[in-house]
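Below is one structure, written out as structure tokens; comments come after it.
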Amino acid sequence: MMLLLSAGCSREQSQAVLSSNSLIPSRKSASEPGSEKLHIAIISDQSSQKQTQQLKALSKYLEKSIGYKFDIQPQKDYETIVNLLVTEKIQIAYLDPFIYVKAKEKNIQIEPMVAPMTKVTGRPWHTSMIIANSTRIKTVKELQKKRFGFINKSSTIGFIIPSIELFEPAGIEPEKTFSEIKFLDSGEQAIAALIAGEVDAVAVAQETYVKAQQEQKLDPAKYVKIWESSPFPTAPIVISNKLDPGLINDIKKALIDAPAEIVAISGVETAGYTLVDNLNYEPIKKLQSKLD
């Protein structure tokens with residue numbers, strides 16, 4: 001298992017990313033069409049049509065690779081997904097890091113198995129950034145009385161990290177400091193709101209900002225980074241450890257070996273997946289303790 005992140009990132013960032021070669025396939029052959037079904041829950045930022053196509057491709061890929069049927073269930077919110085995990089109605093889920101830590105408290109049998117490596121870092125960690133319209137804001141101090149966009153209150157990157165790492169130490173109380181607060185559901189929608197002039201600054205993931213720059217959506221002379229957090233782990237795919245260890249191993253291997261476009265169903269481009277475990281999310285637990 002790779003343990004990469006420490007207090008800032010819990011392992012040395014130079015540590016090699018493990019490949020699926022370290023995973024030994026179970027005895028069940030991928031050519032055996034199994035009648036067993038596994039249930040997966042996910043929240044996607046994409047349009048329903050694109051999501052449906054990608055979920056079908058992922059389900060087909062996993063079934064062919066592992067020999068089990070997969071029922072992938074899009075859900076509207078993380079609360080529903082956590083309840084499904086805790087009540088064992090699903091066995092696998094895509095979770096926000098902070099939501100994983102909260103879910104783990106309710107069901108200790110939930111374990112992270114893989115996490116996406118961002119194209120920016122090539123590792124399963126990223127940063128939170130505040131991007132601002134430089135015609136109105138050039139520094140954090142100039143956020144006073146401006147309109148601000150978060151993703152949602154459950155978002156590790158788009159709300160919790162900037163709140164704890166930046167706003168709290170700086171004595172910034174969003175409800176009192178900002179003239180207006182908007183919750184924009186996804187990084188892509190946050191960038192769109194910034195460009196449309198609906199907000200003056202937004203909190204988004206590092207890769208969201210870089211992607212918007214690469215797609216030439218953000219004029220570098222107008223939209224600038226005014227703050228960046230320390231590195232934090234990316235969102236894990238979690239699994240119930242009540243499943244057969246050999247099956248869990250096969251699922252990990254299939255996800256790591258999968259083409260990036262098949263597993264990138266949360267709307268964020270990745271450089272593939274790598275192994276993670278509970279220790280990778282210690283930085284998030286420390287954040288949670290501060291939040292509590």
Side-chain angles (χ1 to χ4, degrees), residues 7-9 43 45 77-79 96-99 101-102 118 120-121 125-235 267-268 283-292:
C9 261
I43 289 178
D45 295 334
D77 55 68
Y78 282 119
E79 183 179 358
D96 179 90
F98 185 76
I99 299 298
V101 170
K102 300 293 285 185
T118 74
V120 178
T121 67
W125 55 262
H126 55 178
T127 59
S128 174
M129 292 181 172
I130 293 180
I131 310 303
N133 182 333
S134 64
T135 63
R136 295 179 57 79
I137 302 168
K138 291 182 173 63
T139 68
V140 170
K141 289 183 179 180
E142 293 176 350
L143 288 170
Q144 184 81 21
K145 302 302 179 183
K146 300 299 193 301
R147 300 166 300 165
F148 196 92
F150 292 107
I151 294 178
N152 60 60
K153 288 188 176 181
S154 296
S155 171
T156 301
I157 285 288
F159 181 77
I160 295 169
I161 289 176
S163 296
I164 295 176
E165 274 210 351
L166 174 62
F167 297 151
E168 188 177 306
I172 295 173
E173 299 180 54
E175 292 79 6
K176 295 180 180 180
T177 300
F178 305 137
S179 62
E180 182 182 359
I181 295 174
K182 286 193 173 186
F183 292 98
L184 299 159
D185 295 329
S186 73
E188 288 73 17
Q189 291 183 43
I191 292 293
L194 181 64
I195 296 170
E198 297 172 11
V199 292
D200 302 308
V202 293
V204 296
Q206 175 187 34
E207 58 269 26
T208 300
Y209 173 57
V210 171
K211 181 182 178 183
Q213 283 187 315
Q214 291 173 342
E215 294 176 348
Q216 299 183 338
K217 292 180 179 178
L218 293 176
D219 179 354
K222 184 176 181 180
Y223 301 103
V224 296
K225 176 183 69 177
I226 62 170
W227 176 81
E228 184 173 10
S229 73
S230 55
F232 284 89
T234 55
V268 177
I284 303 300
K285 291 180 184 177
K286 292 178 181 179
L287 278 184
Q288 182 195 352
S289 66
K290 291 181 181 180
L291 199 63
D292 292 341

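- Judged purely by atom type and a 3.5 angstrom limit, S134 uses its side chain to pair as donor or acceptor with the backbone of A221.
- Taking CG from L287 and CZ from F232, the interatomic distance works out to 4.5 Å, rounded to the nearest 0.5 Å.
- By the 6.0 Å contact criterion, CD on E79 is open, its count of non-hydrogen atoms from other residues, nucleotides or ligands being 12 or less.
- Looking at every heavy atom in both residues, H126 comes nearest to P233 through NE2-O, 3.8 Å.
- The distance from the CG atom of D77 to the OG atom of S154 is 8.5 Å, given to the nearest 0.5 Å.
- One N or O on the side chain of E165 and one on the backbone of S230 form a donor-acceptor pair closer than 3.5 Å.
- Between I130 and V140 there is no side-chain heavy-atom pair separated by less than 4.5 Å.
- Here E228 contributes atom CD and I161 contributes atom CD1; the two are 11.0 Å apart, rounded to the nearest 0.5 Å.
- Remark: side-chain polar atoms of S289 are paired, donor with acceptor, to backbone N or O of K286 under 3.5 angstrom.
- Atom CD of Q216 has 12 or fewer neighbouring heavy atoms from other residues, nucleotides or ligands inside a 6.0 Å radius.
- Using a 4.5 Å cut-off on side-chain heavy atoms (C-beta onward), F178 and D200 make no contact.
- Closest approach of R136 and E142 over heavy atoms only: O-OE1, 4.2 Å.
- Smallest separation of non-hydrogen atoms from T234 and W125: CG2-N, 3.7 Å.
- L184 and G149 get closest at one heavy-atom pair: CD1-CA, 3.9 Å.
- The NZ atom of K211 sits 12.5 Å away from atom CG of L218, with the distance rounded to the nearest 0.5 Å.
- Here CD1 of I43 is found 8.0 Å from CG of N152. Values are rounded to the nearest 0.5 Å.
- Nearest heavy-atom pair across I172 and P174 is O-CD, 3.4 Å.
- Between F183 and F150, the two ring planes are parallel [angle under 30°; tilted spans 30° to 60°].
- The two residues E207 and V120 come nearest to each other via the heavy atoms CA-CG2, 4.0 Å.
- With contacts defined as side-chain heavy-atom distances shorter than 4.5 Å, the pair K102/Q288 qualifies.
- In this structure, NZ in K138 is found 11.0 Å from CD1 in I226, a value given to the nearest 0.5 Å.
- Considering only heavy atoms from C-beta on, W227 comes within 4.5 Å of S128 through its side chain.
- Side chain of T127 to backbone of Q206: no donor-acceptor contact under 3.5 angstrom is found.
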